[in-house]
Structure formats: C-alpha cells, structure tokens
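Remember, it's 1-based here, ligands and their atoms both numbered in the order they're listed.
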Amino acid sequence: MSLAPLTGLAFDNAYTRGLPADPVAENFRRQVAAAAYSRVKPTPVSAPVLIAHSAEVAELLDLSAADCASSEFLQVFAGNALLSGMDPFAMCYGGHQFGNWAGQLGDGRAINLGETVNHAGQRWMLQLKGAGATPYSRMADGLAVLRSSLREFLCSEAMHHLGVPTTRALSLIGTGEAVVRDMFYDGHPRPEPGAVVCRVAPSFTRFGNFQLPAARGDIDLLRAQVEHSIRTDYPALGAPSPETYLVWLAEIAARTARMIAHWMRVGFVHGVMNTDNMSILGLTIDYGPYGWLEGFDPGWTPNTTDAGEKRYRYGNQPQIAWWNLVQLANALHALVPDVPALEAALAAYPRTYEAESQRMLAAKLGLASFQPEVDYELVDGLYRAMSLTETDFTLFHRRLAALSGNAAPSPETVFAALGEAWYLPAEVTDAVRGDVLAWVAAWRARLLQEERPETERVARMNAVNPCYVLRNYLAQEAIDLAEAGDYARVRETLAVLRHPYSEQPGREHYAGKRPEWARQRAGCSMLSCSS
Ligand code: AMP
Ligand code: MG
C-alpha cells in the first residue's frame with residue numbers, strides 16, 4: 001500500500017544514494033559483505049493504535065496536529081504503509097559487546113524509512129524500531145514489546161528536554177499483536193503486547209558501522225562510510241581527506257565527551273554501552289535497560305545482564321566511552337596509519353570531558369567557575385555525604401538551591417530540605433547529620449566567596465539540577481497502565497518531562513523519591529536486555 005504524502009514530508013535519501021547496497025533483495029538472515037545496508041520493508045501489523053506521540057518532534061518534521069491524528073500517520077508509523085519517496089533499509093554494522101568483538105550485528109529490528117528534509121533544511125532520518133525482521137535479525141524476531149518501546153519513547157524525549165544530546169521519538173504505536181519474551185531469561189516466556197517506536201535523528205550511524213568493514217579488511221567500504229559521514233554528519237569539516245578523517249575523529253570524541261558529562265549530570269545510566277550503541281553524532285542512542293540513579297551509588301547499573309562485572313555502571317561511563325572511542329580509532333587505523341595523529345585526535349575526549357565535567361559540577365553546585373584545586377575536594381565531600389546513607393541523587397541536588405542563600409540556614413532548615421532525599425530515616429544517625437551539616441557549611445563558604453546575587457545562583461542551579469527525571473518506577477507505572485489499555489499516564493508523564501526544571505504544581509507525584517514498593521520490583525530497579 002502506498003499513500004499520498006503526509007503534508008510536508010519530502011524525502012532525500014542521501015544514505016541509500018551515497019553508499020553501496022546489499023544486492024540481495026530477499027529478506028532472510030545472513031552475513032552481508034561489501035554493503036552498508038540492505039533494503040527491507042517493515043512487516044505490517046494487524047491493529048495499530050497510536051499510544052502517544054511527541055508534538056515537538058512532529059513539529060521538527062513539519063507535521064501538523066491533524067497529520068498526527070490521521071490514519072495515514074498511524075499506518076505509516078506502524079509500518080503498514082510507505083510514503084512515496086521512502087526507501088526503507090536496515091544498516092549493516094558490528095560492535096564490541098561487553099568488551100568482546102561480536103562480528104556482524106546490524107539493524108536487527110530497526111528499519112530506516114528515509115531521510116526527510118524540513119522547511120529549515122534540517123535532515124531527519126525516520127526509523128521504526130520493532131517493525132519486523134531484517135537480514136540482521138540473527139536468531140531473534142525483529143519485534144519489540146510495549147514496555148521497552150514505551151521506555152524508549154519517554155526517555156528519549158525526557159533526555160532531550162533535559163538538554164542531553166539524544167535521538168528523538170515521534171510516535172509510540174501498539175501493534176495489536178503479541179510478542180513472546182522471557183523477560184529474565186529464566187524459562188518463563190509469556191506473550192506481551194507488541195509496539196513500534198518511530199525514532200528520529202539526523203543519522204543513526206554507530207561506531208560499529210566503521211568497525212565492521214575495518215575488521216573485515218574492506219577498506220573501500222570503510223573509506224566510503226567515513227567520507228559519507230563527513231559529508232552528511234559533519235559537513236562543516238569540508239571535503240574528505242586523511243586530514244579531515246582525523247578532525248572527524250576528534251569531533252566525535254568531543255561530542256561523546258559532552259554527552260557523557262550530561263549523563264553524569266542528570267544521573268543517567270545507559271546500561272549497554274556497546275560500541276554498536278555509540279552514535280557517531282554523540283547522541284544517546286538505543287534505550288534498553290537504562291536507569292536513573294536514585295540512591296547515589298557510582299557502582300550501580302540497572303542492567304541485570306551486567307550484574308556480575310558491572311562494566312556499564314554509572315561511575316564507569318566516562319571510562320567506557322573512552323574505551324569505545326579507542327575502538328573507533330582502531331577501525332580508522334586502516335585509513336590513517338599515523339598512530340600519534342590518531343592519539344592526538346582522541347585526546348579531544350579527555351580534554352573536553354574534563355572541561356565539560358568541571359562546568360557541569362560548578363553549575364550543579366551553584367558556582368560561577370570551577371577551581372580544580374579546591375572544588376574537586378568539595379565534590380568528593382558531596383559524594384561522601386551522599387554515600388553515608390542511601391540518598392536520592394536528583395532530590396539532594398535539587399534541594400541544595402534552597403540552602404544557597406546569603407543567610408546561613410539553621411540545621412533544621414538543612415534537614416528539612418535535604419532530609420527528603422534520605423531513603424532510610426532510621427539509618428540517619430547524629431554522626432550522619434553532623435557530616436552532612438559540615439559539608440553544607442564547607443560548600444556555602446565556598447559559594448559565598450563568589451559575590452553573586454542569590455537569585456542568580458538559585459536560577460543557575462535550578463537550570464541544571466532537574467526536578468523531574470524518568471525515575472525507573474515512573475516508567476513502570478506508565479507501562480502497567482498502558483498494558484491494561486490506559487494510555488493517559490504515558491501522555492501525562494511525557495507532559496511533565498517536557499519541563500523538567502520547573503516545579504509543576506499538582507505533579508508532586510513525579511518529583512518524589514522512589515517508593516519502597518519499587519525497590520525490588522522488576523522494571524523499577526533492575527532490567528534485563530529483554531525487549
Ligand atoms: P541491543 O543490545 O538492543 O543494542 O541489540 C544488539 C543487537 O541485537 C542489535 O543488532 C539489535 O538489532 C539486535 N536485536 C536486539 N533485539 C532484537 C530482536 N528482538 N530482533 C532482532 N534483532 C534484535
Ligand atoms: Mg543496539
């Protein structure tokens with residue numbers, strides 16, 4: 001079925017036009033050599049329902065509210081119909097999974113529909129996730145369940161509104177079909193409602209897109225992909241050449257550093273930082289078993305699949321991003337044999353991360369500038385104070401602003417503000433209170449060295465310490481309701497998360513710390529890769 005175009009959607013498919021296609025047209029699982037992608041169509045579904053959509057993303061694509069409410073919209077973004085100009089395909093890529101080279105992976109359940117260019121000339125790739133098998137589906141079905149799709153839909157929009165670089169999500173559509181999953185891989189498969197998310201980004205290219213041709217010794221394909229990325233993802237770098245390849249690598253390193261500094265700022269743990277889940281644009285991509293720090297713990301990961309090594313724990317993310325960038329540089333080595341030059345390009349990562357992380361820490365603490373000689377000690381003290389007893393990362397930071405005034409707060413005021421962040425009041429001894437008071441005093445002394453109006457300090461802190469994040473249990477509440485056919489909560493959660501830095505009267509439910517029932521509940525504190 002082909003439909004008349006939705007108003008405003010025009011396609012210009014630079015990716016499929018510019019890179020070599022797999023010559024095989026049939027859709028069966030296989031190894032694909034000497035090609036960047038395979039053409040493949042989404043699998044139609046029987047009873048699509050629009051669960052939610054993002055008005056902001058629709059606007060980016062020049063889609064009106066009427067467009068989004070149309071049956072064409074539903075059919076196209078469920079994978080049942082193509083618009084003229086779409087040229088659907090799945091990308092071929094590899095990757096390191098949990099530190100081990102995994103060979104060919106590819107878009108196993110993602111199908112790119114095409115690149116649309118909006119009225120402002122911005123290029124957006126539209127991609128369905130969960131729209132059926134592709135040549136890269138390996139042993140799996142190419143489908144996605146509602147719970148993981150809802151988590152991806154809400155989180156990518158939440159991250160955007162928090163100011164974190166991310167892929168976006170246009171729509172969340174229930175397919176009306178059941179998908180069987182064994183959520184904890186423990187021999188209890190059950191049917192779950194299926195869903196499709198339409199993801200939107202300038203490009204979905206990953207580190208793994210370059211690693212695979214490099215690993216296979218396919219230098220022509222590697223060069224073609226690097227040059228395509230320079231031309232389309234980084235046009236400001238100029239015409240591709242070995243010099244530009246290095247600037248490209250440095251730029252990716254810098255963008256990755258900025259992304260990670262943001263993750264650390266908001267307490268986001270990606271959960272699966274495999275190199276196939278690293279965007280060449282430094283965007284947060286592939287929302288799976290991610291989570292948000294509740295009790296502050298640098299060793300925490302939400303991903304039960306990683307429970308042993310905890311490779312992708314919160315505190316390890318900056319290191320892992322670096323490791324992943326080194327793999328990308330290794331792939332580039334076949335094109336640029338000059339190792340010191342590659343190392344010099346990679347050095348953009350630690351340099352940018354240090355600068356961004358200092359800026360972020362200063363902003364979170366209300367400081368105009370970060371002075372490494374004294375402020376790292378202050379930050380260490382904060383981490384110690386948040387580790388004395390289980391302390392909510394988001395609430396503790398948000399509440400600090402209330403204590404940043406020129407007049408010293410009483411101990412009662414300090415505990416009234418920060419006490420809300422404590423999960424286990426019985427554990428909060430006088431010694432803990434004393435240590436927290438001492439840190440607050442040290443922080444305030446440092447703060448008051450800077451002569452700045454109180455209101456400016458508060459505004460600065462409130463602009464980087466969110467009030468609302470997609471707490472793991474909030475996503476689960478929306479999932480429980482959506483699985484029962486009630487979509488109002490998904491939409492309300494999205495509405496709240498559109499303004500994460502402003503207190504929203506009546507929406508206190510979304511700002512509180514995790515309730516006790518959610519502590520051990522699957523989906524709230526621990527997640528598997530099953531999706
Ligand atoms: P992830 O860990 O979700 O990034 O997935 C790793 C690889 O497995 C990617 O190549 C995915 O496309 C693929 N994959 C994950 N789930 C499925 C699925 N249900 N069907 C097909 N491929 C999948
Ligand atoms: Mg992935």
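Using a non-hydrogen distance threshold of 4.0 Å, R181 registers as a contact of ligand 1. At least one heavy atom of G106 sits closer than 4.0 Å to an atom of ligand 1.
Interface atoms of ligand 1 facing D141, defined by a heavy-atom separation under 4.0 Å, are 18 (C), 19 (N), 20 (N). Atoms of ligand 1 found under 4.0 Å from any heavy atom of N277 (numbered from 1 in listed order, with element): 4 (O). Less than 4.0 angstrom separates some heavy atom of D286 from each of these atoms of ligand 1: 4 (O). Set against the non-hydrogen atoms of G142, the atoms of ligand 1 under 4.0 Å away are 18 (C), 19 (N), 20 (N), 21 (C). Near Q97, with a cut-off below 4.0 Å to any heavy atom, the atoms of ligand 1 are 6 (C). Which parts of ligand 1 touch D276 is read off a 4.0 Å heavy-atom cut-off, strictly below it: atoms 4 (O), 6 (C).
In terms of protein heavy atoms, atom 15 (C) of ligand 1 is closest to R109 NE, 3.8 Å. Closest to atom 18 (C) of ligand 1 among all protein heavy atoms lies A140 CB, 3.4 Å.
Taking the six-membered ring for Trp and the full ring otherwise, F210 and W248 have centroids separated by under 6.0 Å.
Here N277 reaches the Mg ion (ligand 2): one of its N/O/S atoms is less than 2.8 Å from the metal.
Between Y15 and F89, the ring-plane angle classifies as parallel under the 30° and 60° cut-offs. The aromatic rings of Y290 and Y287 sit perpendicular to each other, their planes meeting at more than 60°, with 30° as the lower class boundary.
Seen from the ring of F28, R30 counts as a face-on cation partner, given the 6.0 Å and 45° thresholds. Because its NZ or CZ atom is both nearer than 6.0 Å to the ring centre of W323 and within 45° of the ring axis, R311 counts as a cation-pi partner of that residue.
Proximity of a side-chain donor or acceptor of E177 to a complementary backbone N or O of S46 within less than 3.5 Å is detected. Without hydrogens or angle criteria, D306 side chain to Y312 main chain gives a donor-acceptor distance under 3.5 Å.
For D286, the N, O or S atom closest to the Mg ion (ligand 2) goes by the atom name OD2.
The pair D12-R17 meets the salt-bridge criterion, with a side-chain N (NZ, NE, NH1 or NH2) lying under 4.0 Å from an Asp/Glu carboxylate O. Salt-bridge check for R199 with D286: passed, with a basic side-chain N closer than 4.0 Å to an acidic carboxylate O. Look at E477 and R489 and you find a salt bridge, because one of the NZ, NE, NH1 or NH2 atoms lies within 4.0 Å of a carboxylate O, short of that distance.
Across the listed options G208, A102, G108, G108 owns the non-hydrogen atom lying nearest to atom 12 (O) of ligand 1.
Checking only distances, R138 does come within under 3.5 Å of ligand 1, N or O to N or O.
In this structure, atom 5 (O) of ligand 1 has its sub-4.0 angstrom surroundings free of protein heavy atoms.
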